[in-house]
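Inspection log for the structure reproduced underneath, given as structure tokens.
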Amino acid sequence: MNKDRTLRPRRSCLAVPGSSARFLEKAQSVPADQVFLDLEDSVAPLAKPAARDSVAEALNQGDWTDKIRVIRVNDLSTEWTYRDVITVVEQAGENLDCIMLPKVQSAAEIQWLDFLLTQIEKANGLEVGRIGIEAQIEDAKGLTHVDAIAAASPRTETIIFGPADFMASINMRSLVVGEQPPGYESDAYHHILMSILMAARANGLQAIDGPYGRVRDSDGYRRTAERSAALGFDGKWVLHPDQLDIANAVYAPSQSDYDRAELILDAYAFYTSHDGGAVGAVMLDDEMIDEASRKMALVVAAQGRAAGLSRTLAFTPPVR
Ligand code: GLV
Ligand code: MG
């Protein structure tokens with residue numbers, strides 16, 4: 001269970017190919033909550049060794065102020081993973097917040113990464129346990145083990161849906177990454193998203209939606225983002241700067257929801273106090289609020305504050 005890590009908001013998680021000097025430079029100036037410098041699928045096998053050094057250099061030399069700095073290493077079925085981790089953490093461990101492990105199928109893979117990180121941290125004088133882990137769920141095996149994966153290490157911060165690999169692995173009939181397959185009326189991803197969300201929440205982690213491939217289709221991106229945001233997901237991958245503002249807006253509460261949440265918190269604090277009559281359930285406008293309403297309001301208020309929203313409504317205690 002992740003009790004000790006403070007999880008910063010990750011409404012937008014920008015994918016940056018680790019082999020592209022231009023993108024590594026450009027990514028520093030965009031308003032993404034998180035950037036992940038990729039060593040996996042966006043880097044060709046022959047380019048992987050050089051990409052490790054480029055990514056480490058970008059982490060050390062770049063200005064990533066206010067961004068969560070992540071690298072995605074290759075998955076554990078390849079021959080590249082251990083060297084990805086060792087090279088980048090030894091060179092740039094102080095300037096790295098998390099390692100994203102793709103195609104995770106078992107808790108043992110997360111434990112392997114935890115042990116390896118601990119050794120590298122000890123050997124290099126880095127703070128042990130500071131670097132977090134993000135786990136991508138990308139196939140049926142990973143999904144059936146998602147609860148154990150989410151509970152495998154206190155380093156873990158997020159569980160991420162990887163639609164492209166997932167669609168391929170279950171033979172889903174669509175070639176558009178993250179889009180609904182034609183011929184099925186309901187949401188084809190509902191079970192997958194909810195399983196990831198439950199595993200994340202049961203372990204105090206964030207749930208992150210994956211990419212949407214049609215980068216010029218802003219409406220399609222917004223539609224898929226709104227679906228997972230409505231379920232409770234914390235953020236979504238961004239493949240193109242045009243998707244950034246949409247993610248930042250969709251995964252933050254609306255102004256009216258934020259105002260209402262702050263109002264509920266103030267009203268509940270007042271009514272449960274001595275001056276307010278010490279009552280536990282009370283009407284606020286036309287809605288009854290109680291302790292459960294306070295908990296829901298806490299979540300929305302925290303998201304709104306993290307997104308930089310300001311209150312436009314104040315609670316006024318009734319005159320008695
Ligand atoms: C991301 O890695 C995906 O497979 O969608
Ligand atoms: Mg993938």
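Every number for a ligand or one of its atoms is a count from 1 in the order of the listing.
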Measure and list all N/O to N/O distances between ligand 1 and the protein that fall under 3.5 angstrom.
| unit_1 | atom_1 | unit_2 | atom_2 | d |
| --- | --- | --- | --- | --- |
| ligand 1 | 2 (O) | Arg72 | NH1 | 3.0 |
| ligand 1 | 2 (O) | Gln136 | NE2 | 2.9 |
| ligand 1 | 2 (O) | Glu138 | OE1 | 3.1 |
| ligand 1 | 4 (O) | Glu138 | OE1 | 2.8 |
| ligand 1 | 4 (O) | Asp165 | N | 2.9 |
| ligand 1 | 4 (O) | Asp165 | OD2 | 3.0 |
| ligand 1 | 5 (O) | Pro163 | N | 3.1 |
| ligand 1 | 5 (O) | Ala164 | N | 2.7 |

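For Lys236, the side chain to side chain donor-acceptor pair (under 3.5 Å) partners are Asp209, not counting sequence neighbours. Residues satisfying the side-chain contact (heavy atoms from CB on, under 4.5 Å) criterion with Glu94, sequence neighbours excluded, are Leu126. Residues passing the side-chain contact (heavy atoms from CB on, under 4.5 Å) test with Arg227, sequence neighbours excluded: Gln180, Asp187.
Annotation: angle subtended at the Mg ion (ligand 2) by Glu138 OE1 and Asp165 OD2 is 90°, to 10°.
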Checklist entry - What do the steps show when you test Asp234 against Arg201 for salt bridge (Lys or Arg N to Asp or Glu O under 4.0 Å), and what is the final call? => result CA-CA 11 Å; Asp234 298 279; Arg201 292 292 180 259; 3.1 Å; yes
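Using modelled atom types and a 3.5 Å distance limit, the side chains of Asn60 and Gln91 yield no donor-acceptor pair.
Considering Ile133, Thr156, Thr158 as possible partners of Leu205, the one that fulfils the side-chain contact (heavy atoms from CB on, under 4.5 Å) test is Thr156.
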